[in-house]
> 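The structure that follows is given in the form of structure tokens.
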Amino acid sequence: MGASESAVIVPSSEALPAHSVLVVDDHPQAQVLLTRFLKRMGYRVETAANGLEAVNAVARVHPDIILMDLTMPVMGGFEATEQIRAVASERWIPIVFLSATPDSAALIRALERGADDYLVKPISYTVLRAKMRAVSRMLAMQRQLEDRNAKLAAYRAAEDEQNRMAQHVIARLANHGLLDASVLQHWTAPASFFSGDLVVSGYTPSGVLHVMLADGAGHGLAAALSALPVTQPFHRMTEKGYSLASIVEEMNGKIRRLLPVERFVAATLIAIDFEEQVIEIWNGGNPPLAVLASDGRVLHSGCSMHPPLGVAPDHLFRSTVDVYRYSEPCQVVACSDGLWEAAGWRASGAGTQALADVIGAQPPEARLEALKAHFTTAQEGHIGSDDATVVMISCKPGEHTLPIREARAPLPSRPGDWRMHVRLSPAQLRDIDVVPLLHDMACHMVCGGGRNAKLYLVLAELVSNALDHGLLALDSRLKLEADGFQRYLALRTEKLAALDDGAVEVRITTTDSGGKTLLRMEVTDTGGGFDHRRVLERAPDPGSPFGRGIPLVKRLCESVEYRAGGNQVEVVFAIQEQEPPPAGAPGTLNDRR
Amino acid sequence: MLASLRTDNDTAVIRLTGRFDFSGHREFRHCYEAALQEPTVRKIDVDLNAVEYLDSSALGMLLLLKEQAEARSLPVALLNCGGTVREILDVANFGVMFSMR
């Protein structure tokens, strides 16, 4: 409906629309007099001499008002009225009876049989004039209502169609990349046609699982639209191996650029490195995430530590993640606000305990159903409902096998000689996700883009060794102590922030050898080096929280050679032609052991 | 929700009462637009003492106010945030964006 159109229907008292009147009377003289009078009032007039003619005329001339004599040959006024009502049921035509019988019983009978008003013959022209004006006014209002109803119905139909279309697209975008239920289960109860909650997931090239639960402010289409822009950077950057911190930073900027200032997206991002048994959490504006043990104990609460995405400007935005290292089978449970609010749980750690009290006693695989049932009960009688979403991820130390997925379509290899040399100073090492950039560049050079998970792993190990153990001189044995992993990370952050000297250099050159492309990669750091012989000869200990990096690199490369005091390493990596993974057990993360 | 505006010298105080959600959008905007028009106003306080609850659209309205006030170099503070209101503001970490007293 146009905004300029008034919501109240105000019929004009003077200039009534030129309605048409059908005069039905078997007396020619009465027909002539009435016709002349009505024409003077501004009406268009048609005539009929009996009921049957009147019924036919209605179908032909579509009169707005009918003046109907009661007693006529062929068909009387009552029967004609009934037939007209049956034929023109979707349109209201006021019918005024004209009758010589002035008693009230006849009046009542006429009104009951479909008349809208009644005039007694002989007709007073003053009364007729007043009645015609009144009928015309009512009719004008009625027509306006009919018009608006028709418009509303048309809008409604168009909106339904658009909703169906939007729902289709949003569902496809939102569910893109969801994992199978053995790792990740999720459930959404939308408050309206659309859900403003969104769950997406994907693996990085090194097999780290990224999951995001996003909740657009409000609900319905506006909320669903708000949450959508974050899906693209999530998938694109996860596939390239960017860290959670880089991804949330990109998303925050994107939401700020795209959405109006009062719209934002609460989000929980989770990265699980099943190999290192490390869970990273960035929670901006969602209820606390819970890490539950098999017996239901709360191992960790990942409370909201940031404003929702799109709220903080760049200079106030923090991408700091909360890190938890697990050492027993556990389950990560993340919920959106709708569920938390219906359940009446606190936003603090007390809330995760309340969650554990409800579902903790169940075996992990039955917890989603238990939580659904709890929500449904809590929801009864709850006013102002919001979308509710739950995500559950199971983490089992040592048992996880994840496919290392290669590029979806094999890309033609691009042989030829090229080289690159990058020198990274402390500023780059602090602020840039270096490995995805190097990997991306190498992949573009060698095979026109795509991903190579093994190459990513090798680069990641070499660069992180050079930085952590070379430049920052961190000792992995710290990880053996209680809370050692968290302390290791804290120390790393501290030392990296203070680093003002030194560099990591990466040189990559290619050669073609017997149809294979070989990448010679040399990584040098300005640190103190290490006893590489001892590390290279040591058998990896699967139970140790560290020490898998170099053996892994050895397995994936043709050759590994440490030089100088251990602060220079050169590996030769062969780019395999894309081969389908063997059925049953594709290259799995267990390869890393 | 009820919204009222009082100006004390250089401070405009917007006092809200009841449930602060989308239904209060008009009233709230009416109040802060009036506050922004006052030539003597140097800062804006939003008093949440009598607010029982606020939802995500209320958080959005506070961001709108902040943006428009900052365009005129007026700081916005949230006053008397307690109980449920405080918890909601804390989950959204609005302490990063607003001073709370």
Side-chain angles (χ1 to χ4, degrees), chain A residues 191 196-197 215-220 222-223 226-227 252 255-256 259-268 282-289 302-318 320 335-338 340-341 344-348 350-351 383-387, chain B residues 1 3 14 16 18-33 36 44 46 51-76 78 81-100:
Chain A
D197 288 358
D215 176 1
H219 53 82
S226 306
N252 188 63
I255 298 274
R256 276 185 70 84
L259 296 188
V261 64
E262 73 276 18
R263 291 277 173 184
F264 48 81
V265 179
T268 307
W282 187 95
N283 183 347
N286 267 339
L289 166 151
C303 292
S304 165
M305 287 164 62
H306 307 277
L309 293 171
V311 170
D314 287 350
H315 70 280
L316 292 177
F317 183 78
R318 296 286 173 270
T320 326
C335 304
S336 71
D337 186 45
W340 224 253
E341 213 170 85
W345 291 332
R346 305 294 301 271
S348 58
I383 319 154
S385 63
D386 191 4
D387 308 310
Chain B
M1 185 197 71
I14 299 171
L16 307 175
R19 274 180 76 90
F20 186 14
D21 57 19
F22 193 75
S23 62
H25 181 248
R26 246 183 166 159
E27 282 214 58
F28 181 66
R29 205 179 61 182
H30 182 77
C31 259
Y32 78 64
E33 279 175 353
L36 293 173
I44 297 177
V46 182
V51 171
E52 299 149 18
Y53 174 84
L54 44 92
D55 71 354
S56 59
S57 60
L59 298 178
M61 287 184 250
L62 291 173
L63 293 174
L64 258 178
L65 161 61
K66 183 182 155 72
E67 190 193 54
Q68 299 197 13
E70 277 180 353
R72 293 168 167 81
S73 307
L74 308 176
V76 179
L78 308 181
C81 323
T84 311
V85 168
R86 181 70 199 215
E87 204 166 282
I88 293 163
L89 291 168
D90 282 349
V91 170
N93 284 277
F94 263 39
V96 172
M97 303 295 293
F98 293 90
S99 80
M100 294 197 216

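Proteins get letters first, then strands, A, B, ... in listed order; numbering begins at 1 in each. Atoms considered below: every heavy atom in the structure, side chains included; atoms not considered: hydrogens, waters and symmetry mates. Just so you know, these numbers come straight off a predicted model, no measurement behind them.
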> For R346(A), which atoms come within 4.5 Å of any heavy atom of chain B: side chain, backbone, both, or neither?
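For R346(A), heavy atoms of backbone and side chain both lie under 4.5 Å from chain B.
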> Kindly say whether G310(A) contributes a backbone atom to a donor-acceptor pair with the side chain of N252(A) at under 3.5 angstrom?
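Yes; at least one donor-acceptor contact below 3.5 Å.
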> Where does D215(A) contact chain B at under 4.5 Å (heavy atoms): side chain, backbone, both or neither?
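Contact with chain B involves no heavy atom of D215(A) at all.
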> Contact between P313(A) and R256(A) at the side-chain level, heavy atoms closer than 4.5 Å - yes or no?
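Yes, close enough: below the 4.5 Å cut-off.
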> Please check: side-chain N/O of S56(B) versus main-chain N/O of A217(A), any donor-acceptor pairing under 3.5 Å?
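Side chain of S56(B) to backbone of A217(A), a donor-acceptor pair under 3.5 Å: no, none is there.
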> Side-chain contact, heavy-atom cut-off 4.5 Å: M1(B) with R19(B)?
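They are not in side-chain contact.
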> In terms of heavy-atom proximity below 4.5 Å to chain B, should A266(A) be classed as side chain, backbone, both, or neither?
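Answer is neither: A266(A) stays 4.5 Å or more from chain B.
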> What parts of residues 57-67 of chain B touch chain A if we use heavy atoms and a cut-off under 4.5 Å?
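The list, in residue order, reads L59(B), G60(B), M61(B), L63(B), L64(B), E67(B).
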> Determine whether Y53(B) and I88(B) make a side-chain contact, defined as any pair of heavy atoms from C-beta on separated by less than 4.5 Å.
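The answer is yes; the side chains approach within 4.5 Å.
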> Mind checking the CG-CD spacing from L74(B) to Q68(B)? Nearest 0.5 Å is all I need.
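One finds 11.0 Å between CG of L74(B) and CD of Q68(B).
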> Treating W282(A) as the side-chain partner and R318(A) as the backbone partner, does any N or O pair qualify as donor plus acceptor under 3.5 Å?
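Checked: pair present.
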> Heavy-atom pairs under 4.5 Å with chain A are the metric here; pick the option from V96(B), V91(B), T84(B) that has the most.
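If we count pairs closer than 4.5 Å to chain A, V91(B) comes out on top.
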> Among D337(A), L316(A), N283(A), V311(A), which residue forms the greatest number of heavy-atom pairs with chain B at distances under 4.5 Å?
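Looking at each of D337(A), L316(A), N283(A), V311(A) in turn, V311(A) comes out on top.
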> Contact between T320(A) and H306(A) at the side-chain level, heavy atoms closer than 4.5 Å - yes or no?
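In contact.
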